[in-house]
Amino acid sequence: MRVLMAPGQMRPEPAGVPLYAPGRGLDAPRAAGALARGWAGARPQDDVVELPMADGAPGSAHCLPARRILAREALQGHGPTGQIREIDLVHLSAAAPPGVGGGPAPAPTRARDGGRDGIGGTWYLDAARLTALPADPDQAAQEAREGTTAGLGQVVAQALERLGPADTLVVGMARSAVNDGGLGLLTSLADSLGGLGAARDLMRERSVGLALADPIALGGVAGAGAGLALLAGLGAQEAQDLDRAACAQGARVLSLARQAGGSGPPLLPVVGGAPARLSVTGWGTGAGGGAALALRALGAWARPGAPVMAGLIGLQGALADREVVLTACGEAYDVLADSLVAVVGASAAGRALPAILVAGRCAVPRGELAAAGISAAYAVEQMAGRRDDRRDAGWDDGTVEEVEARVEAMGARLARTWSR
């Protein structure tokens, strides 16, 4: 049997947001390896291919296939509270990244205006790692109160300076605890590139886009600021005060971008209605603490991260000769449109392939799974209870190696169930 292992990261989500921290859960390559070893151990005659998937969250650069990588460079920037961190900038072999529905990414503005013909190179910046949500609530609270997105401006500026005209830069972004409305990024980008006008011009010569792992808005009742009470353990009043301050800074970002000649285009077309204008309550503006808002105000496009990364990773091509597909996530309570599980499920369904979901914890109704193209779902927490002889054992309890062993055991179980 020909099997494709296409899992995402398997991380715990204590407040509904994955924790990308050492020693917590498995990254996508490690999850793929564990599932593949388990399956191959039970059915050694099967042809098992690993294709770790990503959605723009921290570590997404490590899922890009080696065959597509022309060069990889570690860029240095300051984290939300000043610590130096390194993130990957990856130059990929020529292929236009997909937009919504698999279409091409927008061309650079000046290329569309006739300034340059053809498609340039494609680059991926793992910016989400710079502002990853801390596992320690106290550190998350400090970043919420004092953090800045200035470091993101530093690394985006470094990336832009390495690109050629008409190149495409895809910037991975996710939820964070820092929440400065993107003002730090805008100021830092201007300082690094000689002013906002120069930054805008540089971006107009390139196609700069955001692959958003989390499409949350910056402000509003369900925005990034409102979520700080859970993510950073803040009181409701303090979270509300920080939310108001971030929205005020976001409004200033929009004003400064307009003064510099930023276009402030729509975030996404609205089917059957007028396009939604860029605002602090708009789709995806809360990623990276408002950094997404600042880059969008200067002309960047924004897309759900899973479809964009599926195009860069080559999911459709990998499915061509497979008979069954396995995907995975940390905790599943629903299957959101354009999420990694939904993208893999829809891609498999389009080829009439069964798609199996492995989740650390799964509470999605069978009908919702079927509508997303998922044939069956299995929870690793059941394995944790059996192996540890504890009914209350969490799927991510213990060391990374112990979690990995549970996922490997699940791979073997699925091979015995599905292989023929």
Side-chain angles (χ1 to χ4, degrees), residues 4-12 17-37 48-77 79 85-93 95 97 122-135 152 155-156 158-159 162 169-176 209-214 287-288 305-315 317-318 326-330 339-341 343-344 358 360 396 400-401 403-404 407-408:
L4 180 68
M5 300 295 180
Q9 302 197 56
M10 300 184 69
R11 304 286 189 180
V17 180
L19 291 178
Y20 303 94
R24 301 299 301 271
L26 305 178
D27 62 21
R30 197 159 185 174
L35 288 169
R37 286 193 304 277
V48 181
V49 172
E50 299 175 32
L51 189 76
M53 298 298 296
D55 59 4
S60 289
H62 296 300
C63 297
L64 296 169
R67 67 181 182 279
R68 284 215 56 203
I69 296 176
L70 298 177
R72 184 189 296 267
E73 181 180 358
L75 304 183
Q76 288 191 341
R85 294 178 179 172
E86 288 189 346
I87 65 171
D88 290 324
L89 174 65
V90 183
H91 188 192
L92 302 171
S93 56
T122 301
W123 303 67
Y124 181 76
L125 180 66
D126 202 352
R129 288 188 63 187
L130 203 65
T131 56
L133 180 67
L152 286 171
V155 294
V156 170
Q158 292 176 56
R162 284 158 173 76
L169 174 65
V170 179
V171 182
M173 283 194 173
R175 193 89 163 261
S176 67
L210 312 179
L212 301 178
D214 191 327
V308 173
M309 297 307 299
L312 295 179
I313 291 168
L315 175 62
L326 268 70
T327 190
C329 65
S339 66
L340 190 149
V341 171
V343 168
V344 175
V358 175
D396 62 320
V400 171
E401 289 74 21
V403 175
E404 190 173 28
V407 175
E408 184 172 336

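Asp55 contributes atom CG, which lies 10.5 Å from atom SG of Cys329 (distance to the nearest 0.5 angstrom). A distance of 10.5 Å separates CD1 in Ile87 from CD in Glu73, rounded to the nearest 0.5 Å. The OG1 atom of Thr131 sits 8.0 Å away from atom CZ of Arg85, with the distance rounded to the nearest 0.5 Å. Leu326 contributes atom CG, which lies 8.5 Å from atom CG of Leu4 (distance to the nearest 0.5 angstrom). Once rounded to the nearest 0.5 Å, the distance linking CZ of Arg72 with CG of Asp88 reads 5.0 Å.
Residues Leu70 and Leu92 form no side-chain contact, since every pair of their non-hydrogen atoms from C-beta on lies 4.5 Å or further apart. Taking the side chain as every heavy atom from C-beta outward, His62 and Asp27 never approach each other to under 4.5 Å. Put simply, the side chain of Leu64 reaches to within 4.5 Å of the side chain of Ile313, judged on heavy atoms. Using a 4.5 Å heavy-atom threshold, the side chains of Val48 and Leu35 count as separate. The closest side-chain heavy-atom distance from Met309 to Cys63 is not below 4.5 Å. Counting only heavy atoms from C-beta outward, the side chains of Val90 and Arg68 never approach each other to under 4.5 Å. Residues Arg162 and His91 form no side-chain contact, since every pair of their non-hydrogen atoms from C-beta on lies 4.5 Å or further apart.
Of the residues Leu75, Val155, Leu125, Val156, the one that meets the side chain to side chain contact (heavy atoms under 4.5 Å, CB included) test with Leu130 is Val155. Among Leu89, Leu169, Val170, Val171, the one residue that satisfies the side chain to side chain contact (heavy atoms under 4.5 Å, CB included) test with Tyr124 is Val170.
For the side-chain contact (heavy atoms from CB on, under 4.5 Å) test, residues two or more places apart in sequence or in another chain that qualify with Glu404 are Leu26, Arg30, Ala34, Arg37. The salt bridge (charged side-chain N to carboxylate O under 4.0 Å, His left out) test applied to Arg175 returns Asp214, not counting sequence neighbours.
Not one N or O on the side chain of Arg24 forms a donor-acceptor pair closer than 3.5 Å with the backbone of Tyr20. The backbone N or O of Pro58 sits less than 3.5 Å from a side-chain atom of Gln9, completing a donor-acceptor pair.
Looking at every heavy atom in both residues, Leu340 comes nearest to Ala328 through CD2-O, 4.4 Å. Among all heavy-atom pairs drawn from Leu152 and Gly288, the shortest one is CD1-O, 4.0 Å.
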